[in-house]
Amino acid sequence: MTTASGTGEDAKGALGAPDPGTATAEAAAGGAPPPRAGRREWIGLAVLALPTLLLSMDLSVLYLAVPHLSADLAPSGAQLLWIMDVYGFLMAGFLVMMGTLGDRIGRRRLLLAGACAFGAASALAAFSTSPEMLIATRALLGVAGATLAPSTLALLRTMFHDPKQRTAAIGVWTVCFSAGSVLGPLAGGALLAHFWWGSVFLLGIPVMLLLLVAGPMLLPEHRNPGAGRVDFVSAAMSVVAVLAVIHGMKDIATHGLGAAGALSIVGGLAVGAAFVVRQRRLEDPLLDLGLFSTPRFGPALGIMGLAVLVMSGTLFFVAQYLQLVRGLSPLRAGLWMVPMALGVVAGAITTGNLIKKVRPPVIMGSGLLVSCGAFALLSRMGADSPIALFVGGVFCMAFGVSPVMILGLELAVGSAPPERAGAASSVAETVQEFALGLGVAVIGSIGTAVYRSELKGELPSGLPPDAARTAEDTLGGAVHSAAGLAGGAGDTLLSVARSAFTEGLRTAATLCAVLVVVGSLLAFTVLRGMGGPGGHRDGAEKAEAAP
């Protein structure tokens, strides 16, 4: 039997090569274990890990560059919001379309085309000369990123057939995706200490050049030979639906519940419903809704999305707590956020060891219970609590949700047929993006509401109306207002604002603790009896017991 690391047809990676998923199924039917990945696949995983890390870093790398680019390009408030958000908006909007397109034209081909576009857009963004140009180049980065994200995850499904190896590979992918959003501010702070604001975009160029050189040699090509034509009407509907919903979430998170955000969400959901109806009628749908008929697919994605939601909601408070409550510089705050990334790594390593003996639902449910303990700790934090205690809490939170993100992806993508892995991966990616936005929109909005409620009755007397309104909007506004007040009024405002924000953090942590308990119960019950990743663990046990 030819292994996945062998030569010949597998090494060529041609479109006409035998379907590796078929080979795996035939091996399982004959009682033989699935083919194991070799050196070529593991080096290929390293090549795929770098763009995955970069994609999530680009979501947060601009956080610390805002003052610098604002001074250089002088964008308006609305333009600044678009500069920050358009990348994530368009990446989420195009994920379903690009994942399905990869199944039709070839995942490696789409990945390499996206790498070219991402590298070119990174260079243009770095040297943008106007807000409009930076918005446009960030939009191009989002579209290019949508080609990379599902392609990297789908290729893992093609390269790794052994369930234990595939779990380890998806663990590396998840760690890179999760750690990138945490490491983005740290990388941005380090670059801004020596270079101009555009340097934060140049990280993408060497990574994409490496992918273009090594990809054709290390990555297999695979597509669905029976795929039909792309329905561009469905593609446009999916983009509009996702963008409208995420835009509404962002609007509510920024301005509170209002007509604009609500109408955007309702309109997006209406277009999404029409999209679903259209898919059921098409002979060659853009999104195979049959994926959701697989027992593991929907529940696994739902629990994974909950883990991403609580983690993103926590990140919303962590950066502000470290910089605005504890008074740390952006670079020092970024360094204190590294333990969160280490928690994701530690969780991934622990998952790789436990999966050999413990069923995935048990690992996922137990991980969520660990994160519940972490949130219980964060719910007791005060403005003057030891910072090490705070960092220990976010480390344990990341450690607990990491197995859920890894195994949720593995159960969902592994349950899809090989020829639909790209579509399954794109749906999983879209769920992650929705959860990221929902975490900020829901948990962030609740924490902000608590902040405003706590602050309203504690503002120092005689505060100018403009300063009061600014302070009630955000903690950052309170810090800015306090800096312009004479005497002890500024110190008083700063003290009560930090206390109010910490109360919002405690409320958000309590809500997250309740959510992860619910997720844990679902993992222990709904996913119970569904087998190991991809459903192969039980089969492997039977094969080992066979004579």
Side-chain angles (χ1 to χ4, degrees), residues 53 56-57 59-60 63 171-187 189 304 306-326 328-354 363-408 435-436 439-440 443 447 502 505-506 508-517 519-520:
L53 179 69
S56 56
M57 284 180 64
L59 288 167
S60 59
Y63 287 166
V172 171
W173 187 95
T174 303
V175 166
C176 289
F177 189 86
S178 302
S181 60
V182 179
L183 296 177
L186 179 61
M304 180 204 70
L306 187 146
V308 175
L309 183 147
V310 297
M311 190 169 185
S312 67
T314 305
L315 271 171
F316 175 78
F317 288 96
V318 166
Q320 295 185 75
Y321 179 84
L322 292 175
Q323 293 185 73
L324 301 178
V325 175
R326 306 311 296 257
L328 300 180
S329 67
L331 184 56
R332 289 185 64 196
L335 289 171
W336 277 108
M337 291 172 69
V338 170
M340 182 180 287
L342 296 178
V344 175
V345 174
I349 295 173
T350 304
T351 300
N353 293 328
L354 289 178
I363 299 175
M364 295 169 71
S366 301
L368 289 173
L369 289 180
V370 170
S371 64
C372 177
F375 284 122
L377 176 63
L378 293 176
S379 70
R380 308 300 299 172
M381 293 294 299
D384 298 322
S385 298
I387 194 170
L389 194 64
F390 177 80
V391 173
V394 297
F395 172 88
C396 293
M397 181 276 299
F399 177 83
V401 301
S402 178
V404 184
M405 294 188 290
I406 294 170
L407 295 176
L436 283 169
V440 175
I443 298 176
T502 306
L505 166 64
R506 289 197 290 261
T510 302
L511 173 62
C512 288
V514 173
L515 290 176
V516 294
V517 167
S520 178

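Residues that satisfy the salt bridge (Lys or Arg N to Asp or Glu O under 4.0 Å) test with R506, not counting sequence neighbours, are E503. Qualifying ring-ring contact (aromatic ring centres under 6.0 Å, His included) partners for Y321, counting only residues two or more places apart in sequence or in other chains: F390. Here L369 pairs with S520, F524 under the side-chain contact (heavy atoms from CB on, under 4.5 Å) rule; sequence neighbours left out.
Pairing each heavy atom of M364 with each of P403, the nearest pair is CG-O, 4.3 Å. M304 and M405 get closest at one heavy-atom pair: CG-CA, 3.8 Å. V401 approaches M311 most closely through the heavy-atom pair CG2-SD, 3.8 Å. Pairing each heavy atom of V404 with each of G400, the nearest pair is CG2-O, 3.9 Å. Counting all heavy atoms, side chain and backbone alike, V370 lies closest to C396 at CG1-O, 3.9 Å. For the pair F375 and V516, the tightest heavy-atom approach, listed with the atom from each and the gap, is CE1-CG1, 4.0 Å.
Note: S371 OG to L377 CG = 12.5 Å, rounded to the nearest 0.5 Å. To the nearest 0.5 Å, atom SG of residue C372 and atom CG of residue L515 are 10.5 Å apart.
Residues L368 and V517 form no side-chain contact, since every pair of their non-hydrogen atoms from C-beta on lies 4.5 Å or further apart.
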Quiz: residues 343-352 side-chain donor-acceptor pairs under 3.5 angstrom, not counting sequence neighbours:
residue, atom, partner, partner atom, Å
T350, OG1, A346, O, 2.8
T351, OG1, G347, O, 2.7

